[in-house]
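Please read the structure below before turning to the comments.
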Number of protein chains: 2
Amino acid sequence: MRMGRPREFDADTALDQAMEVFWRHGYEGATIAQLTEAMGINPPSLYACFGNKEGLLKAALDRYTKLRGAWMDEVVAAPTARDVAERMLMGIADKQTDPANPPGCLLVQGGIACGTGSENVPFELAARRGQNEDQLRDRFIRAKAEGDLKPTADPAALARYVSAVSVGMGVMASSGADREALRQVASVAVQAVEAQSAGKA
Amino acid sequence: MRMGRPREFDADTALDQAMEVFWRHGYEGATIAQLTEAMGINPPSLYACFGNKEGLLKAALDRYTKLRGAWMDEVVAAPTARDVAERMLMGIADKQTDPANPPGCLLVQGGIACGTGSENVPFELAARRGQNEDQLRDRFIRAKAEGDLKPTADPAALARYVSAVSVGMGVMASSGADREALRQVASVAVQAVEAQSAGKA
DNA sequence: CCACATCTGTAGTGAACACTACATATCTGG
DNA sequence: CCAGATATGTAGTGTTCACTACAGATGTGG
């Protein structure tokens, strides 16, 4: 098997740079010129490695969700449903205002509405947000089984609610909301989960 | 004063069509060709009337917020803070899944992240979302003064929270969430406001 | 050391974009 | 009914976009 000339850049490092560009400008707002410059490569290398612009986005999303997967595992490891929600939302308040990254969340900033030819990008993002929601839902189902949540609680609705708040916070962060403002939102939001917890009125 | 040839189209009707295109495809995803076709006019008429693409967006946003202003007035007319939140979020669940409009909210779908040259579009949208938030905050300040909210309640944080949930619901709607799913989110979300209401534990 | 496979940089490609020049059409004021 | 002003439709403008042809560089297997 012939090997040929080896690649001169590291794919994951390049993806980190691409992620940042998509995060800041969205899928359609990011240009190949911006992406290649940030990645430190030329267009042919990009296309040889990732196929096309959408392939690059998917690779960047894969890396993003992989990096966040570890964090989500910590979140659902919290002892109660209320603590899961608090850990998730407070963590998001911090992450989405971390100056090391663009504000907000890539799964939202990536593209909520796109033009003709990129219609599936928003759904691609939605699918990945859905994975987080599923993980939350499973955790809340367990919480209900453990008697941590009220018997009348709806785990799927609770997970969808936490996910919705996360997205809303992301949009706010991207348009300038500071960390304290997001923490206040998280703090209020947790109270709805608390209201569904056992031992509460 | 000379009048010249009168305009052959109605600006508000045309704006309604433009609004729909921006709503569905976002600012950058919407092309002049799509806009002019939807509006039933040719590019020179568009530019003579609205200046440029961004001017058209602002005019469409003005119309959107004007149309929603009446509804927001009804929302804040609810008797209690809890009812304000419920009326707002339940109404949004319905509006954002109304088949007469594209799913979601124009103030979100319009563009959360934009490319070079359109950086101010996201802030333009954020400013208009902020107007709704201000209206809610004022209403919650009144609720606190009336003893409807607990003395420890933070009206600004509550308003920001309700606004964040609205945005999150909008994103969910745009990616396929149905009315029932959004109503469940709204139903859970209202409980956080309830927890800040007087007479609750 | 040679055939071949893969990567890299230069320099483009056609298509789609926002926007406009210009001739023509339709109004008002006098 | 004429002069000036504004709107309209046709047909472009230059620019930027995602993407690629091609030639040279750099590796591996025999």
Side-chain angles (χ1 to χ4, degrees), chain A residues 1-15 17-19 21-22 24-61 110-111 113-121 124, chain B residues 1-15 17-19 21-22 24-61 110-111 113-121 124:
Chain A
M1 183 171 168
R2 314 290 182 142
M3 284 294 294
R5 180 174 174 176
R7 180 176 296 144
E8 291 185 2
F9 63 96
D10 177 63
D12 278 345
T13 307
L15 272 181
Q17 307 306 318
M19 217 169 70
V21 176
F22 282 131
R24 199 173 293 281
H25 297 292
Y27 175 72
E28 294 194 312
T31 70
I32 297 291
Q34 288 172 327
L35 290 163
T36 52
E37 182 178 354
M39 298 167 84
I41 60 176
N42 289 307
S45 299
L46 190 158
Y47 284 91
C49 190
F50 302 105
N52 57 18
K53 190 182 178 184
E54 193 168 333
L56 176 61
L57 174 72
K58 288 182 182 172
L61 293 177
C114 280
T116 310
S118 310
E119 293 92 346
N120 50 331
V121 168
E124 184 74 27
Chain B
M1 182 170 169
R2 316 289 183 140
M3 285 294 293
R5 177 173 176 177
R7 180 174 297 144
E8 292 186 2
F9 65 94
D10 177 64
D12 279 344
T13 308
L15 272 182
Q17 307 305 317
M19 218 168 69
V21 176
F22 282 131
R24 197 173 296 280
H25 298 291
Y27 175 72
E28 294 195 312
T31 70
I32 298 291
Q34 287 172 325
L35 289 163
T36 52
E37 182 178 355
M39 298 165 85
I41 62 177
N42 289 306
S45 299
L46 189 158
Y47 284 90
C49 189
F50 302 105
N52 56 20
K53 190 182 177 184
E54 193 169 333
L56 176 61
L57 174 72
K58 288 182 182 171
L61 292 177
C114 279
T116 309
S118 310
E119 294 91 347
N120 50 330
V121 167
E124 184 74 30

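Here is the naming used below: chain letters follow the sequence lines, and residue numbers restart at 1 for every chain.
Proximity note for A/Thr31 (side chain, C-beta onward) versus D/dA18, D/dG9, C/dC19: the nearest is D/dA18. With D/dC19, C/dT28, C/dA21 as the candidates, the nucleotide lying closest to the side chain of B/Pro44 is C/dA21. The side chain of B/Arg5 has D/dT6 as its nearest neighbour among C/dT10, C/dC7, D/dT6. You'll find that the side chain of A/Met3 is closest to D/dT28, out of D/dC17, D/dT28, D/dA7.
A distance-only check finds a donor-acceptor pair linking the side chain of A/Glu119 to the backbone of A/Gly117 [under 3.5 Å]. Side chain of B/Lys53 to main chain of B/Ala30: a donor-acceptor pair is present (N/O by atom type, distance under 3.5 Å, no hydrogens or angles). Checked by atom type and distance alone, the side chain of B/Glu28 never pairs as donor or acceptor with a backbone atom of B/Gly111 at under 3.5 Å.
Dashed line: the shortest gap from a side-chain N or O of A/Tyr47 to OP1 or OP2 of D/dC19 is under 4.0 Å. The phosphate of C/dC7 (OP1 or OP2) has no side-chain N or O of A/Ser45 nearer than 4.0 angstrom.
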Apply the test side chain to side chain donor-acceptor pair (under 3.5 Å) to residues A/Gln34 and B/Thr116: give CA-CA distance (whole Å), side-chain angles for both, the deciding distance (0.1 Å), then the verdict. CA-CA 10 Å; A/Gln34 288 172 327; B/Thr116 309; 2.9 Å; yes
Going through the checks in order, is the side chain to side chain contact (heavy atoms under 4.5 Å, CB included) test met by B/Leu61 and B/Leu57? CA-CA 6 Å; B/Leu61 292 177; B/Leu57 174 72; 4.0 Å; yes
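Rounded to an integer number of Å, the gap from CZ of B/Phe50 to C1' of C/dT20 is 18 Å. Straight-line distance from the NZ atom of B/Lys53 to the P atom of C/dA16: 16 Å, rounded to whole Å. The interatomic distance linking A/His25 (NE2) with D/dC17 (C1') rounds to 15 Å, in whole Å. Nucleotide D/dT8 holds its P atom 11 Å from the CG atom of B/Leu46, rounded to whole Å. Atom CD of A/Glu8 is separated from atom C1' of C/dC7 by 7 Å (rounded to the nearest Å). The nearest whole Å value for the distance from the CE atom in A/Met39 to the P atom in C/dC7 is 14 Å. The interatomic distance linking A/Phe22 (CZ) with D/dA18 (P) rounds to 9 Å, in whole Å. Look at CD1 on A/Ile32: it is 13 Å from C1' on D/dT16, rounded to the nearest Å.
The residue among B/Pro43 and B/Phe9 whose nearest nucleotide of DNA chain D is located toward the 5' end is B/Phe9. Toward the 5' end of DNA chain D, the nearer of the two residues B/Arg7 and A/Glu54, judged by each one's closest nucleotide, is B/Arg7.
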